[in-house]
Amino acid sequence: MADGHDEKPNKVEAGTERGLLLSLVETLIPSSKANGAMPGASQLAEFREMPSEEAQLVYGPLLDLILDRSPQEAGENFASLDLDTREEIVRGLGADHPEVIGSAVSQTLIRYYGAEAVVEALGLEARPAHPGGYALAETNWSLLGPVRAMEPIYKPGPEREEEEG
Amino acid sequence: MTRIDPIDVLIVGAGASGAAIAWSLAETGMRIVCLEQGDWPNPSDYPSTQRESEILQLGPHSYNPNTRRRREDYPINVSDSPISIANYNGVGGGTVLYAGHFPRFHPSDFRTKTLDGVGDDWPLDYEKLEPFYAENDRMVGVAGLAGDPAYPPKEVQLPPVPLGRVGEKLANGFNQLGWHWWPSDSAIATRPYQGRDQCVNLGPCMSGCSQGAKSSTDLTYWPAAERAGVELRTRSRVREILVDDQDMATGVIYYDADGNENRADAEIVVLACNGIGTPRLLLNSKSAHFPAGLANRSGLVGKNLMHHPYAYVQGVFADPLDSYKGPIGCALWSQEFYETDSSRGFHRGYTLQSSRGFGPVTTALMGLGNGRVGWGSEHHETFGAYFNRVAALSAICEDLPEHHNTVTLDPELVDSDGIPAPKINYTLGENSRRMLRHGAERASDVLREAGARDIIVQSPLPNAGWHQLGTARMGVDSEDSVVNEWGRSHDVKNLFVVDGSIFVTSAGVNPTPTIQALALYIADQIKSRLANLFD
Ligand SMILES: Cc1cc2nc3c(=O)[nH]c(=O)nc-3n(C[C@H](O)[C@H](O)[C@H](O)COP(=O)(O)OP(=O)(O)OC[C@H]3O[C@@H](n4cnc5c(N)ncnc54)[C@H](O)[C@@H]3O)c2cc1C
Ligand code: SF4
């Protein structure tokens with residue numbers, strides 16, 4: 001896939017194309033006020049500062065599909081469309097090219113949920129798990145009461161069965 | 001080629017079984033050398049020391065060697081198997097990445113032919129293995145609770161892993177159905193144990209425990225074995241085992257870290273490369289006396305590969321569960337459906353094991369895959385309803401030995417030293433299919449009873465080939481087994497196999513306690529027979 005695209009011009013190189021990329025990732029993960037004020041993907045450095053080679057590799061195939069559309073909906077025009085219309089366009093492209101959209105969405109999710117700002121917006125601590133770890137409350141083992149009252153449920157091996165007659 | 005000084009016992013593979021036998025044999029004072037293709041793991045490199053931990057687990061720290069692709073990982077062709085292989089190649093072997101479930105077999109597991117007319121009886125039984133289970137438990141430090149009605153009485157060393165909200169939900173579900181459940185036996189130090197720190201609930205045990213709380217053999221057996229004089233040579237990959245005209249093993253050819261070819265001569269060779277690595281090495285050791293592969297006069301090397309097919313069932317709850325906190329695998333299990341009940345339509349049975357949820361990256365990707373998390377305008381709502389709200393149960397099903405499930409040598413694929421790599425041919429048997437269906441249904445019952453509002457079933461779990469068993473099985477009859485009842489090859493009287501390959505049946509539980517108990521048992525047999533070991 002990467003090789004195939006190497007021959008084509010890098011669409012994310014030029015400044016205007018960065019705008020196209022950001023409008024695309026915002027379409028995939030928009031901001032949300034309702035769900036704990038989550039940032040949109042286009043606000044994150046992970047996408048704003050993504051090296052153009054990487055952006056080309058991840059989004060090139062989807063950008064190709066967008067740029068291949070009629071001029072009113074493609075390129076710079078795509079970026080100026082409202083969010084709902086952009087989503088409709090991308091869903092339409094996804095119906096015919098599920099693997100292209102699937103790959104772009106997965107890569108966007110990985111970068112989005114890897115971003116410190118997003119982790120914090122989810123109410124989590126943006127730190128490595130180690131060494132701090134997490135606390136888990138001690139368990140109240142009285143929950144086991146009904147099980148403790150059970151008879152053994154394992155089958156003895158045949159020898160023991162014989163011994164027991 | 002460099003030739004190194006003669007060795008008394010040469011062990012190949014420093015994982016679960018190689019470590020246990022090295023430690024046990026050390027007291028004999030023999031010169032013991034272990035050759036391991038990988039390196040010592042470095043806990044400060046494990047993903048949980050990084051904020052990008054989840055992303056690292058998708059690539060260089062994956063448990064799938066075909067994704068990880070480190071120098072020491074050999075590729076495995078799984079194009080003809082619905083289940084891909086998970087392993088770790090380095091000191092500690094699979095225990096570096098294991099979840100730490102530490103269940104023993106049941107007494108009935110050693111007698112499936114007699115009891116249920118399927119599989120085969122083992123040439124030994126639970127009673128014979130019990131002292132070695134107990135010895136292994138003490139080395140490992142098992143967290144759990146005595147008194148489980150699913151097992152004969154046994155001791156544990158440490159208090160159980162806390163259930164957390166996930167485990168409590170599930171426990172309530174089981175209680176409402178009146179079904180058995182019990183806190184898992186876990187190879188996790190819930191209190192400081194023999195110099196190891198206690199678990200701090202990091203979560204990603206399956207990418208290595210940077211806290212050192214999980215009992216991988218690089219932390220348990222190996223330090224003790226090295227103190228007792230065993231020499232462990234890392235980055236040493238064995239290509240083949242050599243034999244003489246009397247059908248005795250004389251040593252091995254291996255490649256060192258710089259790719260140089262070496263020869264090591266030994267009186268006894270012990271294979272501990274796991275259920276894929278061991279048949280691969282035997283099949284790579286063809287000679288005039290053994291044209292079908294070493295120790296393969298039975299034709300059974302590489303046959304009867306057993307996994308544990310998993311039905312993975314997630315329940316999505318309305319309230320947050322803190323599900324990414326705590327050991328991912330270990331909380332509780334149920335053995336309500338373990339022993340055969342012919343009314344269920346299959347033989348033998350399974351354990352239901354809980355697992356906790358994942359961090360945001362993994363949750364988002366899983367949700368995208370199973371259709372629970374969307375993109376665009378629906379993304380945040382769907383993600384919010386899924387993340388941190390999952391409690392899961394896996395049915396870990398007993399797989400029966402079937403000749404057509406095999407490890408062979410791939411005609412083209414090779415590792416970084418040019419050694420032919422393994423190919424897996426595996427299909428799910430009808431018994432396993434029925435058991436998976438039953439397990440998925442019963443797990444769904446528990447989750448619904450516990451209050452789940454959505455149930456997601458994945459069966460068989462495709463990336464769950466972490467238990468590799470049966471490919472050099474043990475038995476009394478040399479026509480029907482590769483090694484005898486104490487692990488010695490029928491054909492080569494100074495060659496032993498101690499890893500998961502020697503399993504006769506798979507049982508419905510994780511295998512490592514049984515693998516290690518067998519390795520300790522075989523070590524004990526070697527020690528007690530030293531005077532006439534090769535007769
Ligand atoms: C992600 C994951 C989760 C798991 N969870 C559990 C669990 O919860 N409970 C449980 O009981 N089990 C679990 N397991 C399985 C467990 O790790 C294995 O059962 C156990 O490690 C197998 O022991 P073994 O001695 O047979 O082989 P391994 O531990 O795999 O060791 C084999 C060693 O041999 C080395 N080797 C192979 N070929 C060569 C060669 N030619 N030359 C030199 N060295 C070689 C390898 O590098 C490796 O280090 C899990 C495994 C994984 C990967
Ligand atoms: S949860 Fe415990 S055992 Fe697992 S990685 Fe964390 S500290 Fe280690």
Side-chain angles (χ1 to χ4, degrees), chain A residues 27-32 34-36 38 83-84 86-87 90-91 94 101-102 104-106 108-114 116 118-119 122-124 126-141 143-161, chain B residues 46 48-55 58 106-108 110-111 114-115 125-127 145 147 149-152 160 162-164 167-168 171-172 174-175 178 180-183 200-204 210-211 322 325-326 335-336 338-339 359-361 364-365 368 375-377 379-381 383-384 387:
Chain A
T27 310
L28 300 180
I29 309 187
S31 64
S32 163
N35 300 82
M38 298 301 295
L83 199 58
D84 289 346
R86 292 200 316 254
E87 182 170 332
V90 178
R91 283 197 192 281
I101 186 89
V105 173
S106 321
T108 309
L109 290 172
I110 291 171
R111 287 164 178 80
Y112 181 82
Y113 285 106
E116 199 166 316
V118 173
V119 173
L122 287 172
L124 311 176
R127 61 163 170 91
H130 190 257
Y134 301 107
L136 270 189
E138 286 300 318
T139 303
N140 176 358
W141 293 110
L143 263 175
L144 265 179
V147 193
R148 286 186 198 278
M150 288 179 178
E151 292 293 315
I153 60 167
Y154 65 91
K155 273 190 196 160
E159 291 85 349
R160 271 194 57 190
E161 271 179 344
Chain B
Y46 292 158
S48 58
T49 61
Q50 315 284 318
R51 210 183 58 68
E52 298 77 19
S53 127
E54 286 187 282
I55 295 170
L58 298 173
H106 287 208
S108 70
F110 297 91
R111 291 286 177 273
T114 303
L115 285 172
D125 58 19
Y126 184 87
E127 282 71 26
L145 209 55
Y151 276 101
L163 291 182
E168 284 171 12
N172 280 316
F174 281 111
N175 280 349
H180 168 267
W181 67 274
W182 203 257
V200 288
N201 303 308
L202 305 176
S210 27
Q211 175 76 355
D322 282 349
K325 299 180 183 172
Q335 297 193 321
E336 182 71 22
Y338 196 87
E339 306 284 359
V361 173
L365 292 177
L368 185 68
W375 58 270
S377 49
H379 174 70
H380 292 291
E381 199 179 334
F383 179 84
F387 175 63

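Below, read A as the first sequence line, B as the second, and so on, with proteins coming before strands; counting in each chain starts at 1.
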Given the options [options], which has more heavy-atom pairs under 4.5 Å with chain A than any of the others?
options                        : result
B/F174, B/Y151, B/F387         : B/Y151
B/E336, B/H106, B/Q211         : B/Q211
B/A364, B/G178, B/G326, B/G167 : B/A364
B/V200, B/N201, B/L163, B/I55  : B/N201
B/S53, B/G359, B/P183          : B/P183
B/G164, B/A150, B/P160         : B/A150

* Among A/I110, A/T108, A/N140, A/T27, single out the residue with the greatest number of heavy-atom pairs under 4.5 Å to chain B. =>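 So the answer, after comparing A/I110, A/T108, A/N140, A/T27, is A/I110.
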
* Name the member of A/G145, A/A129, A/S31, A/A126 that forms the most heavy-atom pairs with chain B at distances under 4.5 Å. =>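 If we count pairs closer than 4.5 Å to chain B, A/A129 comes out on top.
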
Restricting to non-hydrogen atoms, name the atom on [X] and the atom on [Y] that form the minimum distance, rounded to 0.1 Å.
X      : Y      : value
A/S106 : B/L368 : OG-CD2, 3.6 Å
A/V119 : B/R51  : CG2-NH1, 3.8 Å
A/P30  : B/H380 : O-NE2, 2.6 Å
B/S48  : A/P128 : O-CB, 3.6 Å

Determine whether [X] and [Y] make a side-chain contact, defined as any pair of heavy atoms from C-beta on separated by less than 4.5 Å.
X      : Y      : answer
A/V118 : B/P360 : no
B/E339 : A/I153 : no
B/S108 : A/Y154 : no
A/V147 : B/N175 : yes

[X], part contacting chain B, at a heavy-atom distance under 4.5 Å:
X      : answer
A/L83  : neither
A/E116 : both
A/A135 : backbone
A/R91  : both
A/P131 : backbone

About how many Å separate [atom2] of [Y] and [atom1] of [X], when rounded to the nearest 0.5 Å?
X      : Y      : atom1 : atom2 : result
B/H379 : A/I29  : NE2   : CD1   : 4.5 Å
A/L143 : B/W181 : CG    : CH2   : 5.0 Å
B/W375 : A/I101 : CH2   : CD1   : 4.5 Å

* Please state whether the side chain, the backbone, both or neither of B/H180 comes within less than 4.5 Å of a heavy atom of chain A. =>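 Interface part for B/H180: both.
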
* Asked: Hey, does the side chain of A/R148 reach the backbone of B/P149 with a donor-acceptor pair shorter than 3.5 angstrom?
  ->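 Checked: no pair found.
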
* Distance-only, no hydrogens or angles: does the A/E87 side chain make a donor-acceptor pair with backbone N or O of B/G376 under 3.5 Å? ->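 No: the side chain of A/E87 does not pair with the backbone of B/G376.
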
* **Stepwise side-chain contact (heavy atoms from CB on, under 4.5 Å) check, B/D322 with A/Y134** => CA-CA 10 Å; B/D322 282 349; A/Y134 301 107; over 6 Å; no

* To do: May I ask you to check whether B/F383 and A/Y113 place their ring centers less than 6.0 Å from one another?
  =>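 Between B/F383 and A/Y113, the centre distance is under 6.0 Å.
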
